[in-house]
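First the structure, in the form of structure tokens, and then the observations on it.
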Amino acid sequence: MGVVTPPNDPLPGLSDPATAHPVSAKSPKQDRSRATRQRLLEAAVACLAVHGWVGSTVSVVAERAGVSRGAAQHHFPTREDLFTGAVEYVAEERSAALRALPVQGRAEVVAALVDLYTGPLFRAALQLWVAASNEPQLRPRVTELEARVGRETHRIAVALLGADETRPGVRETVQGLLDMARGLGLANLLTDDTVRRRRVVAQWAALLDGALD
């Protein structure tokens, strides 16, 4: 089995929400509010990935973020608001990291795209998908969010790979890569799949060279 992050430890790639954003007493009110909101978002993602949907109540998130429940509800009136906002926040952070990658060989790009589906964001998003399948109030928000994140990820992948989608089959090839990356992310949830994943990534990079050039 892979290593399970202890409930009180920050997730890999995310800072500890309780200490990551200290706010000076002299900070403007707007800055304090912004910092509190970010702490709540980071704490929500950490709780969702560690405890799952059932165990990630607003009170648990507020405690991890080091704020009161009232402060949490001021920023996010409902539980659904909090968790869709949290996953969206981290998705945007990961997209920004992908956009900032220098143009490299396709093997590095494929590895970076796969990493998108093997980190804290994917684990948290998966919990949200499961919850949305049983929560009618949550489902439309998650569906819209995932559609938007999917479009953005596809667009970034096309740019990073230098893919020409005017050519027949290229769009499907890029989408196949992203679907494969999602599958590798699922496999990594139960066991440390790093060694096998590296071989698969190398093979996909070689296949993409032939398909996209």
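Counting heavy atoms from C-beta on, the side chains of Glu152 and Arg99 come closer than 4.5 Å. The shortest distance between side-chain heavy atoms of Thr194 and Arg197 falls below 4.5 Å. Counting heavy atoms from C-beta on, the side chains of Thr153 and Tyr117 come closer than 4.5 Å. With contacts defined as side-chain heavy-atom distances shorter than 4.5 Å, the pair Leu189/Thr118 does not qualify. At a threshold of 4.5 Å between non-hydrogen side-chain atoms, the residues Arg196 and Arg199 count as touching. The shortest side-chain heavy-atom distance between Val200 and Met180 falls under the 4.5 Å cut-off. Side-chain contact between Thr36 and His74: absent, with no pair of heavy atoms (C-beta onward) separated by less than 4.5 Å.
Note that CD of Gln73 is 9.0 Å distant from OG of Ser68, once rounded to the nearest 0.5 Å. Here the CG-CG distance, from Leu186 to Leu126, works out to 6.0 Å after rounding to the nearest 0.5 Å. Distance CZ/Arg151 to CD1/Ile156: 13.0 Å, rounded to 0.5 Å. Summarising the geometry, atom NE2 belonging to His75 is positioned 11.0 Å from atom CZ belonging to Arg34; distances are rounded to the nearest 0.5 Å. One distance of note links CG of Leu116 with CZ of Phe122; it measures 9.5 Å at 0.5 Å rounding. Atom CZ of Arg64 and atom NE2 of His51 lie 6.0 Å apart (nearest 0.5 Å).
A donor-acceptor distance shorter than 3.5 angstrom exists from the side chain of Ser56 to the backbone of Cys47, with no hydrogens or angles considered. In this structure, Arg106 contributes its side chain and Leu161 its backbone to a donor-acceptor pair below 3.5 Å.
Nearest heavy-atom pair across Ala91 and Val149 is CB-CG2, 3.8 Å. Heavy-atom minimum distance, Leu113 versus Ala157: CD1-CB, 3.9 Å. Contact record, Ala62 with Leu40: CA-CD2, 4.2 Å, taken as the closest heavy-atom pair. Across Ala124 and Leu48, no two heavy atoms sit closer than the pair O-CD2, 3.1 Å. Heavy atoms only, all atoms of each residue included: Arg79 and Val54 are closest at NH2-O, 3.9 Å. When all heavy atoms are compared, the tightest approach of Phe76 to Leu41 is CZ-CD2, 3.4 Å.
A salt bridge does not link Glu63 to Arg69: none of the charged nitrogens lies less than 4.0 Å from a carboxylate oxygen. Between Glu135 and Arg139 there is no salt bridge, since no side-chain nitrogen of the basic residue lies less than 4.0 Å from a carboxylate oxygen of the acidic one.
The side-chain contact (heavy atoms from CB on, under 4.5 Å) test with Glu80 singles out one residue from Leu138, Val142, Leu128, and that residue is Leu138.
Thr191 and Asp193 share no side-chain donor-acceptor pair at under 3.5 Å.
With sequence neighbours excluded, no residue forms a side-chain hydrogen bond (donor to acceptor under 3.5 Å, both in side chains) with Ser133. Listed by chain and residue number, Asp164, Val170 satisfy the side-chain contact (heavy atoms from CB on, under 4.5 Å) test with Arg167 (two or more places apart in sequence, or in another chain).
Residue pairs meeting the ring pair (Phe, Tyr, Trp, His ring centres under 6.0 Å) criterion with at least one member in residues 141-176, sequence neighbours excluded, do not occur.
Grouping the Ile, Leu, Val, Met, Phe, Trp and Tyr side chains by contacts below 4.5 angstrom, directly or via other members, places Val60 apart from Val58.
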